[in-house]
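First up is the structure itself, then whatever we jot down about it.
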Amino acid sequence: MKNRARMPFARLTGASPGAVDIVIVGGGSAGSVLGNRLSADASTTVLVLEAGRSDYALDPLINMPAALPFPIGNPLYDWKYESEPEPFMGGRKVYHARGKVLGGSSSINGMIFQRGNPMDYERWAADPGMEAWDYAHCLPYFKRMETCLAGADAWRGGSGPLVLERGPASNPLFGAFFEAVQEAGYPLTSDVNGYRQEGFARFDRNVHKGRRLSASRAYLHPVMNRPNLHVRTLAFTRQILFEGNRAVGVEYEHLGRRHTVRAREVILCGGAINSPQLLQLSGVGDADTLQPLGVRMVADVKGVGQHLQDHLEVYIQYQSKLPVSIADGLSWHRRPGLAANWFFRKKGLGATNHFEGGGFARSNDDVDYPNLMFHFLPIAIRYDGTSPVQGHGYQVHIGPMYSDARGSVTIKDTDPHTKPALRFNYLSTEQDRREWVEAIRVARDILTQPAFEPFNAGEISPGPGVETDAEILRWVAEDAETALHPSCTTRMGVDDQSVLDPASMRVHGTEGLRVVDAGSMPYVTNGNIYAPVVMLAEKAADLVAGNTPLTPSDAPWFNLRKGSPLWPPSAPPAHTD
């Protein structure tokens, strides 16, 4: 096994080794981290299989931050999933973009970096067997993975692969937004990823020197010259190979031909949709569901594909009296100049994701920590690039973070190319519906504060015709989109509905098989999930390699219920340099 590290291998598209120590299925966020960390041991051969294409350095659609709408919906970059008809959303199907390219969804997402709230990880650790996943144990891995250009401290890292630039938020609409939240009674915070998440601030972003910094760019590309690391793109994994209940490799397709690779360990990093699908196709899942489809069972693990969680969001949009939005700069006649400025200088409107600020607030006094997330955008526009207004506008993306709705991912047949059935059950619970009404009212309250008076030319969406609770819920059902945070379908735990052993990430009832991705979370985190997935993969890498875990942190964190001080003091949320 050890001698295979020196075998010839043309990375990305060349010949594949027939046996390795570890095969990683999925070259996305988690797969990129594990590919780097596990291949750091020169005696361990690692093969990363990615079903999508490579993330070419000259591809503007995934490297230009402002081009983020273009890969979504494009089959060259996107798996293009959609849900089954959602019964509480009028039976409509909800589109779900997932990255099908090296770097996975980190190559096509909005580049917003949010760790979640420290109490997310306290919630994880409260479940039996999950004690080592509390905030004290997770914070050192958050710090290991990042270089926070705003400054390293007790909460932030200064020497990791992910370089984080904080948004300038210098547009006057951002200034109005940060004033308005305070007028509405909400605090500013110095860093939503630091001591206190609750409040509003400029956001950290996965943008560095004007380019998207995906997980593959941060973790895989810098170590591609390691002779024991092999990365193969356009490699679609069909099934996990078992001998008894031990995973011994995988079968995959590449350019129309089938290949097998044997491995001591198989690690699935396909995400909360692909990983449970592959498990089910390979005979790991609920026998009552899989056997009628003709699947040969390996392990009856009821929780595979269950407990699906996500964040739903809407846009609250306003027209602006003053021509201060970025609409003119993004107009079609200015795009050639925008593109040239980015190509040659990595400057201008092309060099930012425009989600440069926002924050977290409580929708009611009963929640223990903020359950609403806000992303502010100095333009009124949808992800597909369409605008509801001619001229200038602005918007917030808003949605509850802790819906108690649960869905599922289930294969429809034994063809690995058939997309699984996705059922999210949005708006299916009383809590979900109540918090949605609260969310819209909180957002409107902020956007109608005196600070916005010079700009506010009236609400565009949902508009003045949507006011009662029933009208708000009807509009949300008709207009809401996924925030693209599917998770928890192969969750860690020790109960009979869990899938993974929290101490090893191994799949219950099997040997030599682990899952490390967003599906591994027991509960979705408070915010965008990219940063928690990278943290989870960093921590899992030590578990897989048998390394001594990082020492738990003793850094304090804000807990309103325990009377934590509003410290460190709030920093100015925007600058104009």
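FYI, the numbering just counts along the sequence from 1.
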P140 versus L550, closest heavy-atom pair with distance: O-CD1, 3.6 Å
message: Working note: D413 + T418, criterion side chain to side chain donor-acceptor pair (under 3.5 Å); need CA distance, chi angles, decisive distance, verdict.
response: CA-CA 7 Å; D413 55 42; T418 301; 3.1 Å; yes
Distance under 6.0 Å and angle within 45° of ring axis: R362 vs Y369: no
- line: CD1 of I267 to CD1 of I22, rounded to nearest 0.5 Å, is 5.0 Å
- request: Please lay out, stage by stage, how D479 and R382 fare under the test side chain to side chain contact (heavy atoms under 4.5 Å, CB included).
  value: CA-CA 11 Å; D479 200 69; R382 298 190 75 90; 3.5 Å; yes
field: CG on N371 to CG on D366, rounded to 0.5 Å
entry: 10.0 Å
Student check: side-chain heavy atoms of R37 and P161 closer than 4.5 Å: yes
message: For Y219 and L162: C-alpha separation, side-chain torsions, deciding distance, then whether side chain to side chain contact (heavy atoms under 4.5 Å, CB included) applies.
response: CA-CA 8 Å; Y219 279 91; L162 289 180; 4.0 Å; yes
field: Heavy-atom closest contact (P65 atom, M111 atom, distance)
entry: O-CE, 3.3 Å
- prompt: Do N193 and Q114 have side-chain N/O donor and acceptor atoms under 3.5 Å apart?
  reply: no
field: Interatomic distance, R232 atom CZ to S54 atom OG [nearest 0.5 angstrom]
entry: 13.5 Å
Salt bridge K100-D78, side-chain N to carboxylate O under 4.0 Å: no
message: Show the nearest heavy-atom pair for residues L34 and A537, with the distance to one decimal.
response: CD2-O, 3.6 Å
message: Between S83 and L422 (side chain of the first, backbone of the second, donor and acceptor by atom type, cut-off under 3.5 Å), is there such a pair?
response: no
query: Considering only heavy atoms from C-beta outward, does the side chain of L229 approach that of L220 to under 4.5 Å?
result: yes
- request: Please state whether the rings of H375 and F203 are parallel, tilted or perpendicular, taking 30° and 60° as the class boundaries.
  value: perpendicular
field: Within-4.5 Å side-chain heavy-atom neighbours: L312 and W436
entry: yes
message: A side-chain contact here means heavy atoms from C-beta on lying under 4.5 Å apart; do L47 and I24 qualify?
response: no
- prompt: Does the side chain of N559 come under 3.5 Å of the side chain of S564 through a donor N or O and an acceptor N or O?
  reply: no
- request: Any chance you could measure L308, atom CG, to S487, atom OG, to the nearest 0.5 Å?
  value: 7.0 Å
Test item: side-chain donor near acceptor, S216 and H221, under 3.5 Å: no
query: Just by modelled atom types, is the K80 backbone N or O under 3.5 Å from a matching donor or acceptor in the K419 side chain?
result: yes
message: Any carboxylate oxygen within less than 4.0 angstrom of a Lys/Arg side-chain nitrogen, looking at D501 and R514?
response: no
message: With no hydrogens and no angle check, just 3.5 Å: does a side-chain donor-acceptor pair link S428 and N425?
response: no
- request: Report yes or no: does R196 contribute a side-chain atom to a donor-acceptor pair with the main-chain N or O of E198 at less than 3.5 Å?
  value: yes
field: Heavy-atom closest contact (I529 atom, P532 atom, distance)
entry: O-CD, 3.1 Å
message: Is it the case that the side chain of K143 and the backbone of S159 share a donor-acceptor pair, with hydrogens and angles ignored and the cut-off at 3.5 Å?
response: no
message: Is the distance from the ring center of Y530 to that of H485 below 6.0 Å?
response: no
message: Side chains of S282 and F242, heavy atoms from C-beta outward: is any pair under 4.5 Å?
response: yes
message: Under a 3.5 Å distance rule, please check whether E165 uses its side chain to pair with a backbone N or O of D204 as donor and acceptor.
response: no
message: For a quick check under 3.5 Å, do H311 and N528 share a side-chain donor-acceptor pair by atom type?
response: no
- request: Go through the steps to decide whether L68 and N109 satisfy the test side chain to side chain contact (heavy atoms under 4.5 Å, CB included), and finish with yes or no.
  value: CA-CA 7 Å; L68 65 93; N109 66 11; over 6 Å; no
message: Restricting to side chain to side chain contact (heavy atoms under 4.5 Å, CB included), what partner residues turn up for T429, sequence neighbours left out?
response: D404, A405, Q431, D432
- prompt: From E86 CD over to Y426 OH, what is the distance, rounded to the nearest 0.5 angstrom?
  reply: 6.5 Å
- prompt: Relative to each other, are the rings of F142 and Y121 parallel, tilted or perpendicular (30° and 60° limits)?
  reply: perpendicular
field: salt_bridge(D191, R156) N-O dist < 4.0 Å
entry: yes
- prompt: According to the interplanar angle, ranging from 0 to 90°, do the rings of W79 and F236 count as parallel (below 30°), tilted (30 to 60°) or perpendicular (above 60°)?
  reply: tilted
query: Is D542 salt-bridged to R144, going by a charged N under 4.0 Å from an acidic O?
result: yes
Cation-pi geometry met for R98 and Y81 (6.0 Å, 45°): no
query: Do Y315 and E481 have side-chain heavy atoms sitting under 4.5 Å apart?
result: yes
query: What orientation do W124 and W133 show, parallel under 30°, tilted 30 to 60°, or perpendicular over 60°?
result: tilted
message: For the CD1 atom of I316 and the CD1 atom of I398, what is their distance to the nearest 0.5 Å?
response: 7.5 Å
Charged N-O contact under 4.0 Å between K302 and D495: no
query: Can you check whether T289 reaches T410 side chain to side chain, under 4.5 Å on heavy atoms?
result: yes
- request: State, to 0.1 Å, how close H137 and K539 come at their nearest heavy-atom pair, and which atoms those are.
  value: O-CE, 3.9 Å
message: I'd like to know if the side chain of S553 reaches the main chain of A555, judged simply by a donor and an acceptor atom lying under 3.5 Å from each other, with no hydrogens or angles considered.
response: yes
field: side chain to side chain donor-acceptor pair (under 3.5 Å) between S498 and H508, intermediate numbers included
entry: CA-CA 8 Å; S498 64; H508 294 319; 3.2 Å; yes
task: Report yes or no: does H417 contribute a side-chain atom to a donor-acceptor pair with the main-chain N or O of R238 at less than 3.5 Å?
output: no
message: Tell me whether E511 is salt-bridged to R506, with the criterion being a basic N under 4.0 Å from an acidic carboxylate O.
response: no
- prompt: Backbone N or O of G160 within a donor-acceptor pair of the E146 side chain at under 3.5 Å?
  reply: no
query: When you look at R433 and V437, which way does the side chain to side chain contact (heavy atoms under 4.5 Å, CB included) test go after all the steps?
result: CA-CA 7 Å; R433 294 188 291 269; V437 173; 6.0 Å; no
field: T510 and N245 side chains, donor-acceptor separation under 3.5 Å
entry: no
message: Can you confirm whether N526 sits close enough to Q197 that some side-chain heavy atom of one is under 4.5 Å from a side-chain heavy atom of the other?
response: yes
- request: Check for a donor-acceptor pair, side chain of S107 on one end and backbone N or O of L102 on the other, with a separation under 3.5 Å.
  value: yes
field: Closest approach of G26 to E50 (non-hydrogen atoms, all atoms of both residues)
entry: C-OE1, 3.9 Å
- prompt: Can you find a side-chain donor-acceptor pair between D127 and Y523 that sits under 3.5 Å?
  reply: yes
query: Any side-chain donor-acceptor pair under 3.5 Å between D120 and T525?
result: no
- prompt: Do the side chain of S106 and the main chain of A215 share a donor and acceptor less than 3.5 angstrom apart?
  reply: yes
- request: Look at R202 together with E356 and state whether they make a salt bridge at an N to O cut-off of under 4.0 Å.
  value: no
